[in-house]
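Notes follow the structure.
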Amino acid sequence: MDLLELRKQIDEIDRQIVSLYEQRMDISSQVADYKIETGKKVFDKERELEKLRTLKALTQNEFNAQGIQELFEQIMSMSRKLQYKKLTDRGILGRLPFIGVDALDREKGRVVFQGAEGAYSQMAMLQFFGENVNGFHVDTFRDAMCAIEEGSADYAVLPIENSTAGIVNEIYDLLAEFENYIVGEQIIRIEHCLLGVPGTEKDKIHTIYSHPQSLMQSARYLDEHPSWKQISMQNNAFAARKVKEDGDKSQAAIASEQAAKIYGLDILERGVNHSQTNSTRFIIVTNQKIFLKNAGKVSICFEVPHESGSLYHMLSHFIYNNLNMTRIESRPIEDRNWEYRFFVDFDGNLADSAVKNALRGLRDEARNMRILGNY
């Protein structure tokens, strides 16, 4: 048989497959109607696994068995998504436990940030909430999360990502641990300065204090001074404060210009971080389940079974609902070796039907799916 004849046969088989697929989806729609009437769950994992075993047994070799499993996993996934859509269209999904608001209380809210006066977190707070913000600082990110959880603060400002150094791992872990929610974000351009007490000379410096990420962002500059001992601090502002309090001209800090003004330090050199476009993204977090009505980004986290293809199936909910995923990160799950929690950002609003549909599917099929915020 020539190639054209073989292709004609494939075309005919494909037409039959399309027709059978549409028949199957029509029956799946009827199944959805039944489940809506009876209140049965859409996802029945054991039923699907049993069905896959039966279908694989009908094949003639192992290669075809694997192909049939992949094919019918997709077909059953599409069937579920159709059923979720019908649930959404019929209003069966219920309302998400988040309240849409027109604006955040930026004037009366009490705001916490990690660090000390002069920290970049303080700069982010001032830019987001204004110069008259009622703010205070704590020593650690956990302290900030605890402050809003227990009500001593209404909002917390936390760094989550730097354009050069990447994500702040601890913040992702705390978002999974605490029942707090993201309601906003603020991006701050980072310019690290070398700071010393008045009269300090660069050639007399022996020790540099700063946050580990700031040291990393300034690595090229610091490599030019291999004799300088680098000591990590919890926060750049803490580093500036220590240099001020010690009054030692052999010490210097890498911190912001604002920190220099607050602690009365000299700026020995500006822009010691090697990237001139270095920026840090801060999130605004609260303990209230609220979101701005005009919000355009959703953050969630979830876990998946430690099985082949499990993450792929979760992400297919974004594809099916035409949602643009903008970020995915993973963090190891404590006390569960080689298992990971995934953090996903995607475009959308919790009031959108496509978002509700995707979240319903993820909630049913993933482990411990949580909405972290809409902002």
Side-chain angles (χ1 to χ4, degrees), residues 1 3 6-36 38 40-88 93 300-325 328-333 336-344 346 354 357-369:
M1 302 177 75
L3 182 59
L6 293 171
R7 284 175 172 172
K8 284 181 182 179
Q9 292 187 29
I10 288 177
D11 289 344
E12 177 57 33
I13 292 170
D14 288 346
R15 280 192 287 270
Q16 294 177 47
I17 290 174
V18 170
S19 176
L20 290 171
Y21 172 79
E22 290 190 324
Q23 291 179 48
R24 194 184 195 284
M25 293 301 285
D26 182 62
I27 294 173
S28 293
S29 179
Q30 297 177 51
V31 170
D33 293 335
Y34 175 82
K35 289 182 176 179
I36 289 171
T38 59
K40 292 192 68 174
K41 289 185 64 176
V42 169
F43 186 42
D44 186 342
K45 185 174 182 179
E46 291 306 315
R47 157 72 178 164
E48 291 195 2
L49 291 175
E50 179 185 347
K51 181 73 173 175
L52 289 171
R53 285 192 291 267
T54 301
L55 291 169
K56 288 171 68 177
L58 298 175
T59 60
Q60 298 178 2
N61 56 58
E62 185 59 32
F63 183 85
N64 286 348
Q66 182 62 34
I68 283 295
Q69 174 165 329
E70 292 184 18
L71 173 63
F72 276 89
E73 281 179 344
Q74 290 301 314
I75 290 174
M76 289 187 285
S77 176
M78 296 307 297
S79 175
R80 290 196 303 273
K81 290 177 175 67
L82 172 65
Q83 294 178 50
Y84 291 134
K85 184 177 185 303
K86 293 200 74 169
L87 287 168
T88 302
L93 287 180
I300 64 172
C301 68
F302 57 84
E303 302 161 23
V304 296
H306 196 45
E307 304 167 356
S308 174
S310 56
L311 177 60
Y312 170 80
H313 290 304
M314 297 306 114
L315 299 184
S316 69
H317 288 283
F318 301 108
I319 300 170
Y320 178 82
N321 289 287
N322 198 31
L323 297 172
N324 179 39
M325 188 175 70
I328 181 168
E329 302 285 350
S330 65
R331 292 288 299 145
I333 300 173
R336 284 159 55 184
N337 288 351
W338 320 122
E339 293 193 40
Y340 297 87
R341 178 179 293 111
F342 293 90
F343 295 81
V344 171
F346 62 94
N357 198 27
L359 292 176
R360 175 58 182 263
L362 286 163
R363 191 179 296 281
D364 280 1
E365 298 175 28
R367 293 177 179 170
N368 303 321
M369 195 281 284

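The two residues I68 and K56 make their nearest non-hydrogen contact at CG2-N, 4.3 Å. Listed here is the closest heavy atom pair of H306 and W338: CE1-O, 3.2 Å. Contact record, M314 with L362: O-CD2, 3.5 Å, taken as the closest heavy-atom pair. Nearest heavy atom pair, residue V304 against residue F342, reads CG2-CE1, 3.8 Å. The two residues F302 and A366 make their nearest non-hydrogen contact at CB-CB, 3.9 Å.
In this structure, N357 contributes its side chain and K85 its backbone to a donor-acceptor pair below 3.5 Å. Side-chain atoms of K35 come within 3.5 Å of backbone atoms of V42 as a donor-acceptor pair (strictly under, hydrogens ignored). In terms of modelled atom types and a separation under 3.5 Å, the side chain of D26 and the main chain of E22 share no donor-acceptor contact. For N321 (side chain) and L323 (main-chain N/O), no donor-acceptor pair under 3.5 Å exists by modelled atom type.
Taking 4.5 Å as the limit, some side-chain heavy atom of P305 sits within range of a side-chain heavy atom of R367. At least one side-chain heavy atom of R80 sits less than 4.5 Å from a side-chain heavy atom of F43.
Here the straight-line distance linking atom CG of D14 with atom OG of S19 works out to 12.5 Å at 0.5 Å rounding. In this structure, the separation between CD1 on I36 and CG on D33 is 5.5 Å, given to the nearest 0.5 Å. Once rounded to the nearest 0.5 Å, the distance linking CE of M325 with CD1 of I328 reads 5.0 Å. Once rounded to the nearest 0.5 Å, the distance linking CG of L20 with CD1 of I13 reads 11.5 Å. Rounding to the nearest 0.5 Å gives a distance of 8.5 Å between CG of D364 and CG of L87.
With sequence neighbours excluded, the residues that form a ring pair (Phe, Tyr, Trp, His ring centres under 6.0 Å) with F318 are F346. Among residues two or more places apart in sequence or in another chain, the side-chain hydrogen bond (donor to acceptor under 3.5 Å, both in side chains) test is passed with S29 by K86. Legend: residues meeting side-chain hydrogen bond (donor to acceptor under 3.5 Å, both in side chains) with E307, ordered by chain and number and at least two apart, are absent. Partners of R336 by side-chain hydrogen bond (donor to acceptor under 3.5 Å, both in side chains), not counting sequence neighbours, listed by chain and number: E303, E339. R15 meets the side-chain hydrogen bond (donor to acceptor under 3.5 Å, both in side chains) test with E12; sequence neighbours excluded.
Y312 OH: 12 or fewer foreign heavy atoms inside a 6.0 Å radius. Annotation: N322, atom CG; neighbour count of heavy atoms from other residues, nucleotides and ligands within 6.0 Å does not exceed 12.
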Test log, rule side-chain contact (heavy atoms from CB on, under 4.5 Å), inputs F343 and R331: CA-CA 8 Å; F343 295 81; R331 292 288 299 145; 3.8 Å; yes
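A salt bridge does not link E365 to K45: none of the charged side-chain nitrogens sits closer than 4.0 Å to a carboxylate oxygen.
Side-chain contact, Q16 with Y21: no donor N or O sits under 3.5 Å from an acceptor N or O.
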Please report, to 0.1 Å, the donor-acceptor pairs under 3.5 Å made by any side chain of residues 70-79, with sequence neighbours excluded.
residue : atom : partner : partner atom : Å
E70     : OE2  : Q66     : NE2          : 3.4
E73     : OE2  : Q69     : NE2          : 3.2
S77     : OG   : K81     : NZ           : 2.5
S79     : OG   : S28     : OG           : 2.8
S79     : OG   : Q83     : NE2          : 3.3

